[in-house]
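One structure is given below, encoded as structure tokens.
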There are 2 protein chains.
Amino acid sequence: MSRILIIEDEEAIADLEKDYLELSEFEVEIENAGDTGLARALEGDFDLVILDLMLPGADGFEVCKKIREEKNIPILMVSAKKDDIDKIRGLGLGADDYMTKPFSPSELVARVKAHLTRYDRLTGTHNKENDIVEIRGIRIDKTARRVYIDGEEKNFTTKEFDLLTFLAENPNHVYTKEELFREIWDMDSIGDIATVTVHIKKIREKIEFDTAKPQYIETIWGVGYRFKV
Amino acid sequence: MSRILIIEDEEAIADLEKDYLELSEFEVEIENAGDTGLARALEGDFDLVILDLMLPGADGFEVCKKIREEKNIPILMVSAKKDDIDKIRGLGLGADDYMTKPFSPSELVARVKAHLTRYDRLTGTHNKENDIVEIRGIRIDKTARRVYIDGEEKNFTTKEFDLLTFLAENPNHVYTKEELFREIWDMDSIGDIATVTVHIKKIREKIEFDTAKPQYIETIWGVGYRFKV
DNA sequence: TTAAACTTTTAATATTTTGTAAATAATAAA
DNA sequence: TTTATTATTTACAAAATATTAAAAGTTTAA
């Protein structure tokens, strides 16, 4: 599950937040000062930070900026003053969200979840762990070397699998047959790039609704192929 | 420069949003119905979508979900009802932010900027070499070999693409047909120059509003052609 | 070891792009 | 205005490139 760091000097608030987050299966740690909180955030392996602006030991703005310089994880700023929101924004600290006290714990949990979901989506952390490529209804499980087209598993040979995976992992990029050949086949292997064409056809037969009008792997006449997204 | 799609049926609101966003140098397009908006979002090359929940032609929830299935770009939901926020969250549609009407335009702009910044940070878009040529409403994606005229994709053959790209990358420079021929066809021999003329015509048919009065590729009589800027 | 599965090569066919040529239009110079 | 020069446009044939099917090799697994 996800690990969350709360940097907050008011113990009661920190504990309340922790309790609610733990109810949602999060793993939570608390630091009660700015300097220690910053150190912990940089050193620890957290997925999200909840950072109070008013802190002993360091300026909250500064802490936020420093974390952002090192980490891309979501930072949720908390402040008692509504005016601070504009300030945070204006300074371009890289905070992801702002909440003014008092706020409901469920609101906090909802926001935390939303940020984690987005972070996973954009960085692909979630998928990378399982080595899954998912794009336009095509799911490629790289570890198991399985391909699902609209949920249905289809069999792919080694070369077909590698070629499709490479294209799906680099969508919207036109590759020449030579480039694809070099990528999938061994660098030094001498061969005719015509085999790329044949494999593209085989893949199309398995993933396209109408092979004559490919919706996934497009032909860029005179150049090469492109996985359309 | 980022491209933003507004899906909103109230024209006054859409125009207001557009004006403010354009003041911040964004490129903005408006769709006033759900179905057309969805189609545009999926087909077009946008960096962010602002989506009104109450729409004719389709359910706003549905539109959001469909966009998210295909694209990872930030989606900013707008609604008149405050209760909708919880609903959006609960349904897990993948929206990135929610605003209730009425809201201040500057607030909108601030949020849009924040989302785009985060998106760039997490996807690393800004790190990747952007081989995108953008000039006077013409966007050329060299990696994908795609051309958008006022946001709409048009098909270009290899020679057309190369020729247009070369001219667009070197605007305001007059090239003789011989120079263009040597550049695109890369032959040392003086071949038949007439083919350049024909290709210029083909390109003009795709990019010019009125082929007889070219606004992009000008003819410099007796000399050659120039991409006007 | 053999059969099946996979990969590569080959060649015929289909498709798209490109170059050419000829007619027409526009411009500059006489 | 007339003429010579240069550009535009059109249509079509030729060239280039992609698709497809099938045969020939190659590898893999029983």
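Naming convention: chains lettered A, B, ... in sequence-line order (proteins, then strands); numbering from 1 in each chain.
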Would you kindly give the [atom1]-to-[atom2] distance between [X] and [N], to the nearest whole Å?
| X | N | atom1 | atom2 | result |
| --- | --- | --- | --- | --- |
| B:I200 | D:dT6 | CD1 | P | 18 Å |
| B:K206 | D:dT9 | NZ | C1' | 16 Å |
| B:K213 | D:dT8 | NZ | C1' | 16 Å |
| A:D162 | C:dC6 | CG | C1' | 13 Å |
| A:L163 | C:dC6 | CG | C1' | 15 Å |
| A:I193 | C:dT7 | CD1 | P | 18 Å |
| B:L180 | C:dT18 | CG | C1' | 17 Å |
| B:F181 | C:dT18 | CZ | P | 13 Å |

Please tell me which of the listed nucleotides, [options], lies nearest to the side chain of [X]?
| X | options | result |
| --- | --- | --- |
| A:W221 | C:dC6, C:dT16, D:dT20 | C:dT16 |
| B:Y225 | D:dA7, D:dA18, C:dT7 | D:dA7 |
| A:T211 | D:dT20, C:dT7, D:dA7 | D:dT20 |

To the nearest 0.5 Å, what is the distance between [atom1] on [X] and [atom2] on [Y]?
| X | Y | atom1 | atom2 | result |
| --- | --- | --- | --- | --- |
| B:Y175 | B:L180 | OH | CG | 8.0 Å |
| B:S24 | B:D19 | OG | CG | 11.5 Å |
| A:D96 | A:I73 | CG | CD1 | 9.0 Å |

Below 4.0 angstrom from OP1 or OP2 of [N], is there any side-chain N or O of [X]?
| X | N | answer |
| --- | --- | --- |
| A:T219 | D:dT19 | yes |
| B:K159 | D:dA16 | no |
| B:T195 | C:dT20 | no |
| A:W185 | C:dT8 | yes |
| A:R204 | D:dT19 | yes |
| B:H199 | C:dG19 | yes |

All N/O contacts under 3.5 Å from nucleotides 22-30 of chain D to the protein, with atom names and distances to one decimal?
none

Member of A:K213, A:R204, A:R226 meeting the salt bridge (Lys or Arg N to Asp or Glu O under 4.0 Å) criterion with A:E218: A:R226

Need one value for [X]: base, sugar-phosphate or nothing, where a base atom within 4.0 Å counts as base even if backbone is also close, heavy atoms only.
| X | result |
| --- | --- |
| A:T197 | base |
| B:K201 | base |
| A:T157 | sugar-phosphate |

Among B:D47, B:T117, B:D97, B:L76, the one residue meeting side chain to side chain contact (heavy atoms under 4.5 Å, CB included) with B:V112: B:L76

Residue from A:D131, A:D162, A:T158 passing side chain to side chain donor-acceptor pair (under 3.5 Å) with A:R145: A:D162

Qualifying residue, where the test is ring pair (Phe, Tyr, Trp, His ring centres under 6.0 Å) with A:H199 and the options are A:F161, A:F166, A:W185, A:F181: A:W185

Heavy atoms from other residues, nucleotides or ligands near NZ of B:K81 exceed 12 (cutoff 6.0 Å): no

